[in-house]
Number of protein chains: 2
Amino acid sequence: MFSIGELSKRTKVKVPTIRYYEEMGLLAPPERTAGNQRRYTNDGLERLSFIRHARDLGFSIDAISSLIELQNHPDRSCEAATEIAEGQLSEVRAKIKRLKALENELKRIAQGCDGRGVAEDCYVLASLADHDLCGRDH
Amino acid sequence: MFSIGELSKRTKVKVPTIRYYEEMGLLAPPERTAGNQRRYTNDGLERLSFIRHARDLGFSIDAISSLIELQNHPDRSCEAATEIAEGQLSEVRAKIKRLKALENELKRIAQGCDGRGVAEDCYVLASLADHDLCGRDH
DNA sequence: CTTGAACCTCTAGTCACTAGAGAGACTACA
DNA sequence: TGTAGTCTCTCTAGTGACTAGAGGTTCAAG
């Protein structure tokens, strides 16, 4: 049995965030001391590690809820879990694609100006003002 | 002189978003009709195109504010503009790097399970529960 | 002059937290 | 047992960049 501060230290999840997860229904409300303070067991620790790991991988609170629901019913098909993971994967891939396009455009814009002129002639500002100066769409 | 709806159509920025930009100080408050409706000129159109383009490239409202400030003083050095663009570029690169790590991890996790088993044996769930199953840190 | 679309302001909601106030509880040491 | 100091409690409000909706007013076409 350990306090919320201890749980926070072990999982590296901040104390208010732990309380937030509880409020959102991700983390079961733990036991309380006579003085109303939360006391966790290893169960809580494992659950929170799971949540943190999933958050680190970019899963939404909603997605994590579904995954936990599944965890609580070990006999169910895990199809949903695979779907959620694959959905997340394609979201990540889409983001990468988009960011790479941005990277190219920004590289081009930033290289166009050495920062030594005045704003009037600045290629950065001109590029932003006139989309036609862009190599391709974004 | 055209209405906010017309401006919205031409720039593809939604009406409430235009009002929001005005509130945030990005867009100068335009003239109004006798009945208090906004009426824009080409100036407003150009300004909004600039903002939209910058937002599309991921610049924050704050960064855009600085860029506009600079635009309004064409005699100033454009060093700040180049810095902002370069800052944005390195942020984008950092995001790409992180997302690529996530992509690898998610790929590994998603491939570990075909979704045909039950939750108890699901590799997706197991991987999330146990960070040690991860190839590398993230 | 009427109709109906577009416009106005204001408030509240989104996501996943983060910050702070003010009060109460716990623990270590004397 | 007293007390100092840290931890914890709940509650409210703020973040960024919008989005949604209510309830009311104005505009332009016919």
Side-chain angles (χ1 to χ4, degrees), chain A residues 1-27 29-41 44 47-48 50-68 84 87-88 91-92 95 98 102, chain B residues 1-27 29-40 44 47-48 50-68 84 87-88 91-92 95 98-99 102:
Chain A
M1 296 292 249
F2 40 87
S3 70
I4 197 169
E6 182 64 25
L7 182 62
S8 167
K9 243 184 243 160
R10 294 202 205 175
T11 55
K12 271 153 203 153
V13 176
K14 287 182 190 152
V15 169
T17 305
I18 297 175
R19 289 198 275 250
Y20 169 75
Y21 287 159
E22 183 183 327
E23 202 189 348
M24 292 299 100
L26 286 192
L27 214 47
E31 284 182 45
R32 302 271 186 147
T33 63
N36 200 33
Q37 297 195 356
R38 289 168 180 82
R39 284 299 175 271
Y40 294 90
T41 63
R47 184 70 91 78
L48 185 53
F50 179 96
I51 295 169
R52 175 170 150 77
H53 194 186
R55 283 295 301 137
D56 281 350
L57 288 166
F59 289 91
S60 71
I61 298 281
D62 245 31
I64 298 174
S65 275
S66 308
L67 291 171
I68 285 177
I84 291 171
Q88 180 61 17
E91 263 177 51
V92 165
K95 273 188 199 158
R98 175 166 159 68
L102 292 194
Chain B
M1 297 291 248
F2 38 87
S3 70
I4 197 169
E6 183 63 26
L7 182 63
S8 168
K9 245 183 242 162
R10 293 203 205 175
T11 56
K12 273 153 203 154
V13 176
K14 287 183 190 152
V15 169
T17 306
I18 297 175
R19 288 197 275 250
Y20 170 75
Y21 287 159
E22 183 184 328
E23 202 190 350
M24 291 299 100
L26 285 193
L27 215 45
E31 284 182 45
R32 301 272 185 146
T33 63
N36 199 33
Q37 298 196 358
R38 291 168 179 83
R39 283 299 174 270
Y40 296 90
R47 183 70 91 74
L48 185 52
F50 180 96
I51 295 169
R52 175 168 150 77
H53 195 186
R55 283 293 303 135
D56 280 351
L57 287 166
F59 289 91
S60 71
I61 298 282
D62 245 31
I64 297 174
S65 276
S66 308
L67 292 171
I68 285 177
I84 290 171
Q88 180 61 19
E91 263 176 51
V92 166
K95 271 187 201 160
R98 177 168 156 66
L99 283 173
L102 291 195

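Every chain is numbered from 1, with letters handed out A, B, ... down the list of sequences.
A pairwise comparison of heavy atoms in B:Ile68 and B:Leu26 identifies CD1-O, 3.5 Å as the closest pair. The two residues A:Ile4 and A:Arg19 have their closest heavy-atom pair at CD1-CG, 3.6 Å. The two residues A:Leu57 and A:Gln88 make their nearest non-hydrogen contact at O-NE2, 3.1 Å.
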**Q.** Working for side chain to side chain contact (heavy atoms under 4.5 Å, CB included), residues A:Arg38 and A:Arg32
**A.** CA-CA 5 Å; A:Arg38 289 168 180 82; A:Arg32 302 271 186 147; 3.3 Å; yes
Q: Using the side chain to side chain contact (heavy atoms under 4.5 Å, CB included) rule, take A:Arg52 and A:Lys12 through it: C-alpha gap first, then chi angles, then the decisive distance, then the call.
A: CA-CA 9 Å; A:Arg52 175 170 150 77; A:Lys12 271 153 203 153; 4.2 Å; yes
Q) Run the side chain to side chain contact (heavy atoms under 4.5 Å, CB included) check on A:Val13 and A:Ser8 step by step: do they pass? A) CA-CA 5 Å; A:Val13 176; A:Ser8 167; 5.8 Å; no
Q.
Using side chain to side chain contact (heavy atoms under 4.5 Å, CB included), reason through B:Ile61 and B:Tyr21 one step at a time and then give a plain yes or no.
A. CA-CA 9 Å; B:Ile61 298 282; B:Tyr21 287 159; 3.8 Å; yes
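In this structure, B:Phe2 atom CZ and C:dC7 atom P are separated by 12 Å, rounded to whole Å. Rounded to whole Å, the distance from CD1 on A:Ile51 to P on C:dC15 is 17 Å. Going from atom CD of B:Glu22 over to atom C1' of C:dC8 covers 12 Å, rounded to whole Å. Nucleotide C:dC7 holds its C1' atom 13 Å from the NZ atom of B:Lys9, rounded to whole Å. In this entry the distance linking CD1 of A:Ile18 with P of C:dA16 reads 17 Å, nearest Å. Straight-line distance from the CZ atom of A:Arg32 to the C1' atom of D:dC9: 8 Å, rounded to whole Å. The CD atom of A:Glu31 sits 17 Å away from the C1' atom of D:dT8 (whole-angstrom rounding).
The side-chain tip of B:Arg10 points at the ring of B:Phe2 from less than 6.0 angstrom away and within 45° of straight on.
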Using nucleotides 16-19 of chain D, report all nitrogen or oxygen pairs with the protein that are shorter than 3.5 Å.
from, atom 1, to, atom 2, distance (Å)
D:dC18, OP2, B:Tyr21, OH, 2.8
D:dC18, OP2, B:Arg55, NE, 2.8
D:dT19, OP2, B:Thr17, OG1, 2.9

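The neighbour count for A:Glu31 CD, taken as heavy atoms of other residues, nucleotides or ligands under 6.0 Å away, does not exceed 12.
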Q | Per-nucleotide protein contact string for nucleotides 22-30 of chain D (B base, S sugar-phosphate only, - none; heavy atom under 4.0 Å) | A | ----SS---
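OP1 or OP2 of C:dC7 has not a single side-chain nitrogen or oxygen of B:Arg38 nearer than 4.0 Å. Neither OP1 nor OP2 of C:dA6 sits under 4.0 Å from any side-chain N or O of B:Arg19.
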